[in-house]
Each structure stands twice: as structure tokens, then as C-alpha cells.
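First the structure, in the form of C-alpha cells, and then the observations on it.
In what follows, residues are counted from 1 in the order of the sequence shown.
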Amino acid sequence: MLKRFFISVGEYFLLLGKALKRPQKSSVFVKLFFREISDLGVNSFGLVLFTSIFVGAVVAIQMFNNFAASSFPIPSSFVGYATKAVLILEFAPTIISVILAGKVGSYIASSIGTMRVTEQIDALDIMGVNSPNFLILPKILASVIFNPLLIAISIVFGIYGGYLAGIATGSWSKADYITGVQMYMPSHFIWYAFFKTAVFAFIIATVPSYFGYNVKGGSLEVGRASTQAVVWTIVSIIIMNLLLTQMFLSK
């Protein structure tokens, strides 16, 4: 089991070495890149907006309830600040990336896996095309470039969800919430969130690609590879989240 794990890690990095090379034809690469922007990024807008609004509302309500139960009086404006902090530091970059790992990761693994079992990848190799570079590099760049935009949108709409929760419940005023959102937050928190997002985006693009590229068998194996890809992508994101938090936020 452990031996197989280290073999898989080695194969993963060897595949990355082939994928991270200069494209053979830039015109073809640009077309593939924009197609991946649409498939991996634009098509995830609705899911990100829906999730962010409702979770932002839940976070704001939980913050208010915790502050109200405190033995020390805490101004209602801190609901806005706490909601913003939670969304920037953890929810938007980590939870949304985990959600995208399920949606995007399964798509990547199944699409590349289908090409493998139908021998389309073998045909590319026979024609002299660097198939890892052709199939995986556009996905990596599309994810690393577009996912931070999705996270920025998630933060904005999550904060707006908290604002709507205040209107719906009447627990805190609009002015107090906006005041809390405008409170100072160290700029490195924001840079940390977007750096973490880029790392997660790289994982989301490459781990499922590895599982899809190395599928052996038929359609049943493609389904199994998609499941494994999602599981290992989420595990990798959680582990990397711990490491990055320890590196950048610990004193």
C-alpha cells in the first residue's frame, strides 16, 4: 500500500514534468485555454454564488448568536467584521475549492479518462503530440488564473449574504454590519487567501488529470478514477491548507 502510494506520487510528478512545457502550437493552446476557462470556471459561477450567499448568511447569524451569548458586551458591528474575516481566511478559499474539487475534479478525471480508454490519447502520442501538455496545461492555467476570480466573487457575495441575513432577521442594523465590514484587516490576510486559492487551483487541475490520464480498462474504471480523483484532491487540499496556514499565519 505504502509502496504503491510512493509510486503514484512519482508518476504524478513525472506527468507534471511532461505537462509543464512550452506548448507546441500556441494557436491551438489558446483555443484550448479559453475552452477550459468556460468549462472549468464560467460554468461554476452559479454554484459559487448560490453557496456563498447562503453560507455567508449562516456565518453572520452564527457570529451574532455567539456574540449575544458572550458575557461581555460585543458591538453588533463586529458581526460584519467576523463574517468578512471567516469568509476571507477560510470559507471562500478552502470550502469553495473543496466544492470545485467535486465538480471540476470529476469532470477533468472523467473527460481525460474517457479519452484514454477510447485510445484518443494513444493517437495523440502516435502523432508526436505531447499529450500531457496538450490536455493538462490548459486546465492548469485556466484554474490558476480563473479560480481566484471565483473566490473574490465568493467573498463579495458571502458578505452580501450576511447583509441579507441582517435584513431578514432584524438582529443587527444595516449600518452596523457595513461598519464592521469596513473595519481594518491586515492586507496579508487577503494575499494569503488568494495565494492559497492558486495552490488549491493547481491541485484541482493536476490531481484529477493524473487519475484520468492513467486509467486502465473501460467505462467502469473511468468512474472509479473519477471518484478517487475527487477524494484525493480534497485530501490534498485539506493537508495543504494546514501547511499553508502554519507557514503564513502562525507566529
Side-chain angles (χ1 to χ4, degrees), residues 34-66 79-111 139-140 142-174 176-178 180-182 185 189-190 192-205 207-208 226-227 229-238 240-241:
F34 282 106
R35 187 183 72 183
E36 299 299 344
I37 285 284
S38 175
D39 291 341
L40 306 183
V42 176
N43 290 342
S44 301
F45 262 124
L47 178 62
V48 170
L49 294 184
F50 177 82
T51 306
S52 300
I53 289 175
F54 281 91
V55 174
V58 171
V59 169
I61 293 172
Q62 288 180 343
M63 290 297 126
F64 174 80
N65 291 335
N66 289 334
V79 173
Y81 177 80
T83 301
K84 178 181 70 171
V86 170
L87 291 172
I88 291 175
L89 290 175
E90 277 307 318
F91 168 73
T94 305
I95 304 304
I96 292 297
S97 293
V98 168
I99 293 172
L100 291 176
K103 179 183 182 298
V104 174
S106 60
Y107 165 76
I108 292 175
S110 60
S111 60
K139 292 177 173 58
I140 294 174
S143 296
V144 171
I145 292 173
F146 203 82
N147 278 26
L149 176 60
L150 288 176
I151 298 307
I153 293 172
S154 173
I155 293 171
V156 171
F157 278 85
I159 292 173
Y160 182 63
Y163 177 81
L164 294 178
I167 296 175
T169 61
S171 299
W172 58 88
S173 67
K174 301 176 185 177
D176 285 343
Y177 187 82
I178 293 173
V181 170
Q182 293 175 337
M185 171 177 284
F189 284 4
I190 299 174
Y192 159 75
F194 284 104
F195 176 77
K196 188 163 68 168
T197 297
V199 173
F200 294 164
F202 184 84
I203 293 172
I204 291 171
V207 173
S226 299
T227 302
V230 172
V231 170
W232 281 105
T233 302
I234 293 174
V235 169
S236 301
I237 287 174
I238 292 172
M240 190 58 65
N241 183 44

I need the [X] [atom1] to [Y] [atom2] distance, nearest 0.5 Å.
| X | Y | atom1 | atom2 | value |
| --- | --- | --- | --- | --- |
| W172 | I167 | CH2 | CD1 | 10.0 Å |
| S97 | M240 | OG | CE | 12.5 Å |
| T197 | I204 | OG1 | CD1 | 9.0 Å |
| L100 | I95 | CG | CD1 | 11.5 Å |
| I238 | F200 | CD1 | CZ | 9.5 Å |

Where is the tightest heavy-atom contact between [X] and [Y], given as atom of each residue plus distance?
| X | Y | result |
| --- | --- | --- |
| F54 | F50 | CD1-O, 3.2 Å |
| V79 | A60 | CG1-O, 3.6 Å |
| V104 | S44 | CG2-OG, 4.0 Å |
| S236 | I203 | CB-CG2, 3.8 Å |
| A229 | A109 | CB-CB, 3.7 Å |
| A193 | P93 | O-CB, 3.7 Å |

Does the side chain of I61 come within less than 4.5 Å of S171's, by heavy atoms?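 They are not in contact (no side-chain heavy atoms under 4.5 Å apart), so the answer is no.
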Mind checking whether L40 and I108 have side chains closer than 4.5 Å, heavy atoms only?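 Side chain of L40 against side chain of I108, heavy atoms only: contact under 4.5 Å found.
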Pairing residues for K84 by the salt bridge (charged side-chain N to carboxylate O under 4.0 Å, His left out) criterion, not counting sequence neighbours: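 Per chain and number, K84 pairs via salt bridge (charged side-chain N to carboxylate O under 4.0 Å, His left out) with no residue.
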Just by distance, do the side chain of N241 and the backbone of I237 share a donor-acceptor pair under 3.5 Å?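 No; judged by distance alone, with no hydrogens or angles, the pair does not exist.
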Only counting residues at least two apart or in another chain, list the ones meeting side-chain contact (heavy atoms from CB on, under 4.5 Å) with V59.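 Testing V59 for side-chain contact (heavy atoms from CB on, under 4.5 Å), a comparison that skips the adjacent residues, returns V55, M63, T83, V86.
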Just to verify, what does F189 make a side-chain contact (heavy atoms from CB on, under 4.5 Å) with, not counting sequence neighbours?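 With sequence neighbours excluded, F189 shows a side-chain contact (heavy atoms from CB on, under 4.5 Å) to L89, M185, P186, L249, given in chain and number order.
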Partner set under side-chain hydrogen bond (donor to acceptor under 3.5 Å, both in side chains) for S38, not counting sequence neighbours: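 With sequence neighbours excluded, S38 shows a side-chain hydrogen bond (donor to acceptor under 3.5 Å, both in side chains) to no residue whatsoever.
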Got a sec, which residues hit ring-ring contact (aromatic ring centres under 6.0 Å, His included) with F91, two or more places apart in sequence or on another chain?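 Checked F91 against ring-ring contact (aromatic ring centres under 6.0 Å, His included); zero matches.
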Are more than 12 heavy atoms, taken from residues, nucleotides or ligands other than F45, located less than 6.0 Å from that residue's CZ atom?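 It does: F45 CZ has more than 12 such atoms within range.
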List the atom pairs, with distances to 0.1 Å, where a side-chain N or O of residues 145-166 and a protein N or O form a donor-acceptor pair under 3.5 Å, not counting sequence neighbours.
residue: S154; atom: OG; partner: S52; partner atom: OG; Å: 2.7

Would K103 and Y107 count as having a side-chain donor-acceptor pair, cut-off 3.5 Å?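 Not at all, the side chains of K103 and Y107 share no donor-acceptor pair under 3.5 Å.
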